[in-house]
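Computed from a prediction, not measured in an experiment: that's the story for all the values here.
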2 protein chains.
Amino acid sequence: MTTIRDVAKQAEVSVATVSRVINKRGYVHEETLKKVEQAIKELNYKPNDVARSLFKKTSNSIGFIIPDITNPFFPQLVRAVESTMIESGYTVILFNSDEVLDHELKLIELMESKYMDGLLVVSNTITKDHLENLTMPVVAIDRVLDKGIPTVYVDNYKGARQAVQFLIKKGCQKIAYLHGPEKIFTAKERLRGYQDEMEKNGLPTFIYPGNYELKASMMSTIRLLAEHPDVDGIFAGNDVMAVGAIKAASKMGYTIPKELKIIGFDGIDLATAITPELTTMHQPILEIGKKGSELLLQLIAGQSPEKKHYVYDAELVERNST
Amino acid sequence: MTTIRDVAKQAEVSVATVSRVINKRGYVHEETLKKVEQAIKELNYKPNDVARSLFKKTSNSIGFIIPDITNPFFPQLVRAVESTMIESGYTVILFNSDEVLDHELKLIELMESKYMDGLLVVSNTITKDHLENLTMPVVAIDRVLDKGIPTVYVDNYKGARQAVQFLIKKGCQKIAYLHGPEKIFTAKERLRGYQDEMEKNGLPTFIYPGNYELKASMMSTIRLLAEHPDVDGIFAGNDVMAVGAIKAASKMGYTIPKELKIIGFDGIDLATAITPELTTMHQPILEIGKKGSELLLQLIAGQSPEKKHYVYDAELVERNST
DNA sequence: TTGAAAGCGCTAACAG
DNA sequence: CTGTTAGCGCTTTCAA
């Protein structure tokens with residue numbers, strides 16, 4: 001490995017001078033600059049990030065904790081975050097937590113001991129308390145951890161109401177809701193939206209658990225349709241469950257969208273891979289990732305953003321399942 | 001931040017002694033051990049990974065370069081790698097390269113300057129030459145970079161032949177192949193398998209490009225079916241394309257599997273999300289990730305594995321598209 | 001069994 | 001404009 005010392009020797013200057021040229025900081029005579037650059041090239045010198053980090057207490061990297069990359073909602077989010085972080089010279093370290101608090105806390109410790117510069121997090125288990133004596137800035141994505149913590153997310157409640165409204169407008173009278181895990185923020189909000197909108201329209205509610213999963217959703221849909229064969233609309237808390245509902249309902253002989261209309265939430269790629277293509281409340285995933293990253297970058301730079309919470313609207317994308 | 005020095009002071013010993021206890025190395029008197037542990041607890045001391053790395057030229061982390069996490073093949077692979085790496089105390093740093101050589105090379109430089117301990121890579125662009133003067137061990141996954149580089153992958157050729165055989169056994173006589181990107185190793189191997197098996201059976205070949213993508217596959221399938229309406233079987237180079245083929249063929253009025261049988265390759269989750277569920281050549285993704293990680297771990301530990309190449313068989317999973 | 005001290009590779013005063 | 005030097009926090013000889 002070639003170090004700054006080697007370069008200094010080769011260029012016949014001090015290490016301080018070499019440091020100046022690689023950091024483009026301070027005065028360096030044109031001549032010496034040339035010499036140093038020459039030496040750097042000859043030796044193929046690359047500064048050592050670890051040594052740099054140790055001194056600067058900074059690593060040009062941020063951590064991104066998500067529940068599970070296997071959940072089709074996250075790959076796109078990750079890419080969005082990554083691409084805006086890279087532009088600013090940061091590398092993002094991805095962690096899958098499975099929403100196990102213990103893991104998350106361990107990861108945060110790890111991040112501190114590696115001088116990571118910031119944390120982007122999607123979690124329902126971490127709370128303000130866990131973050132209190134954390135030195136690095138934190139931005140939450142997709143879930144509100146605390147009013148005080150900068151957050152970027154979609155208005156799930158509003159989106160849910162809109163989804164239900166749409167089904168009603170399409171003529172549905174008996175609309176069921178497939179809901180996600182009890183403890184997950186987004187699932188609760190979407191459920192609340194469903195309930196309020198149904199109530200507002202004087203319609204009865206039918207709530208079945210789907211756990212944001214395909215299999216669970218299929219089973220619930222089968223039960224739902226057995227118990228209430230005349231259901232004519234299903235609002236699924238996410239696209240994955242909506243796909244499950246479509247599969248199950250088709251298998252049971254329902255024609256979609258004629259007899260039964262189904263709408264999802266998220267706007268993942270899967271929605272267009274299936275037949276019929278899924279009508280859904282599309283989240284601006286890329287924008288969310290981008291804004292979250294920008295917020296964190298600002299915080300890292302010591303600036304305080306104008307707003308703490310950035311809320312986006314989900315957008316109705318009508319396809320063939322309604 | 002509390003450092004080893006703080007702990008030493010608190011415990012009234014030298015930093016060397018503290019270092020010994022946190023590393024469980026060398027002799028430490030029972031009494032002093034107690035004192036030090038006490039101090040560590042009181043101060044909630046956590047050793048600083050960066051300082052450690054600087055000295056040890058090691059980071060307990062490995063890099064994992066993949067083309068694109070958005071490709072549904074990778075999330076599972078990533079999880080498999082991550083989980084076996086974590087067990088050994090390593091953290092994995094994921095990088096999306098989009099198979100752009102320039103990015104990949106940059107990433108490798110970054111990894112070196114961070115003292116990462118090893119590289120796991122899925123790439124068609126990196127070659128032996130790029131890796132030559134790399135100090136860290138490398139293991140390739142899913143694509144063979146060079147005979148000399150340890151690799152873990154599936155026998156794509158054999159799997160492809162098996163897929164075609166199966167279609168023939170099911171009565172197909174006019175079987176088309178949707179193939180992936182020209183330059184991708186897996187795509188080439190699968191194409192070769194298709195061609196050889198068709199030739200062996202004296203059957204004509206129909207090869208259409210699908211680029212491993214849904215949209216491209218749909219367009220090609222439409223063209224295929226327009227040009228050769230009597231095609232009765234499609235072997236898609238991957239599951240994503242198979243899904244596209246199903247969508248397109250259905251739209252054109254073909255009943256699957258009655259008039260047209262479709263088989264894919266990979267065994268991603270998407271295969272069971274659609275209707276009809278996709279028959280496919282299933283890759284043991286988890287095992288591949290696990291074996292790749294274990295290999296790398298061995299290499300990092302300075303051991304040389306018995307074999308350099310680990311080849312798995314894809315397994316035929318029959319579902320409803322055939 | 002313990003401590004002093006050197007040094008991993010780099011940056012940033014500070015002095016010149 | 002450039003060099004000397006003191007660390008960043010840790011590990012590891014080497015002596016004691």
Side-chain angles (χ1 to χ4, degrees), chain A residues 1-40 43-61 109-117 135-136, chain B residues 1-40 43-61 109-117 135-136:
Chain A
M1 237 206 61
T2 122
T3 75
I4 197 172
R5 195 160 263 105
D6 301 324
V7 177
K9 202 166 295 172
Q10 171 97 347
E12 299 176 299
V13 297
S14 73
V15 294
T17 301
V18 178
S19 179
R20 282 189 197 99
V21 352
I22 62 188
N23 292 297
K24 303 186 202 314
R25 189 193 315 294
Y27 299 96
V28 171
H29 190 89
E30 185 76 12
E31 288 290 290
T32 42
L33 177 71
K34 286 257 162 51
K35 273 198 301 183
V36 172
E37 284 177 334
Q38 173 70 9
I40 288 177
L43 298 175
N44 188 29
Y45 167 74
K46 302 274 181 290
N48 179 317
D49 265 353
V50 177
R52 227 174 218 182
S53 278
L54 182 59
F55 184 89
K56 314 240 300 186
K57 298 181 190 311
T58 260
S59 64
N60 281 316
S61 68
E109 266 179 22
L110 182 74
M111 289 179 56
E112 289 198 284
S113 81
K114 285 195 185 297
Y115 285 143
M116 292 197 188
D117 303 315
T135 54
M136 75 188 90
Chain B
M1 237 207 59
T2 122
T3 74
I4 198 172
R5 195 159 263 105
D6 302 323
V7 177
K9 202 167 293 172
Q10 172 96 348
E12 297 175 300
V13 297
S14 73
V15 294
T17 302
V18 178
S19 178
R20 283 187 197 100
V21 353
I22 61 188
N23 292 297
K24 303 187 202 313
R25 187 194 317 290
Y27 298 97
V28 170
H29 189 88
E30 185 75 12
E31 289 289 290
T32 41
L33 177 71
K34 285 257 163 54
K35 274 199 301 184
V36 172
E37 283 177 336
Q38 173 70 10
I40 287 177
L43 299 174
N44 188 29
Y45 168 73
K46 302 274 181 289
N48 180 316
D49 265 353
V50 177
R52 228 175 216 182
S53 278
L54 181 58
F55 185 90
K56 313 241 299 186
K57 299 181 188 311
T58 260
S59 64
N60 280 315
S61 68
E109 265 179 21
L110 182 75
M111 289 179 55
E112 289 199 283
S113 81
K114 284 195 185 297
Y115 286 143
M116 292 197 188
D117 304 315
T135 53
M136 76 188 90

Margin query: Any base atoms under 4.0 Å from V50(A), or only sugar-phosphate, or nothing? Heavy atoms, all strands.
Written below: nothing

Check: Between dT11(D), dT5(D), dG9(C), which nucleotide gets closest to the side-chain atoms of K56(B)?
Finding: dT11(D)

Check: Hey, does R25(B) reach any base, or is it just sugar-phosphate, or nothing, if we go heavy atoms under 4.0 Å?
Finding: sugar-phosphate

Notebook entry, point to check: Under the side chain to side chain contact (heavy atoms under 4.5 Å, CB included) criterion, do E109(A) and K46(B) qualify, and how do the steps go?
Noted result: CA-CA 8 Å; E109(A) 266 179 22; K46(B) 302 274 181 289; 3.1 Å; yes

Check: Which heavy-atom pair separates S59(B) from K114(A) by the least distance, and what is that distance?
Finding: O-NZ, 3.3 Å

Check: What nucleotide, of dC1(D), dG7(D), dT12(D), holds the atom closest to the side chain of A16(B)?
Finding: dT12(D)

Next item on the list: From the options dT11(C), dT4(D), dC8(D), select the nucleotide whose nearest atom is closest to the side chain of K57(A).
Entry: dC8(D)

Check: Which of these nucleotides, dG9(C), dT11(C), dG3(C), is closest to any side-chain atom of N48(A)?
Finding: dG9(C)

Item checked: Sugar-phosphate only, base, or nothing, as touched by S53(A) at under 4.0 Å among non-hydrogen atoms -> nothing

Check: Heavy atoms under 4.0 Å, any strand shown: does L33(B) hit a base, just sugar-phosphate, or nothing?
Finding: nothing

Next item on the list: Please tell me which of the listed nucleotides, dT11(D), dC10(D), dC1(D), lies nearest to the side chain of T3(B)?
Entry: dC10(D)

Margin query: Based on the rotation axes of five pairs at each end, what angle does the helix from dT1(C)-dA16(D) to dG16(C)-dC1(D) bend through, to 10°?
Written below: 40°

Check: CZ of F55(B) to NZ of K57(B): how many Å apart, nearest 0.5 Å?
Finding: 9.0 Å

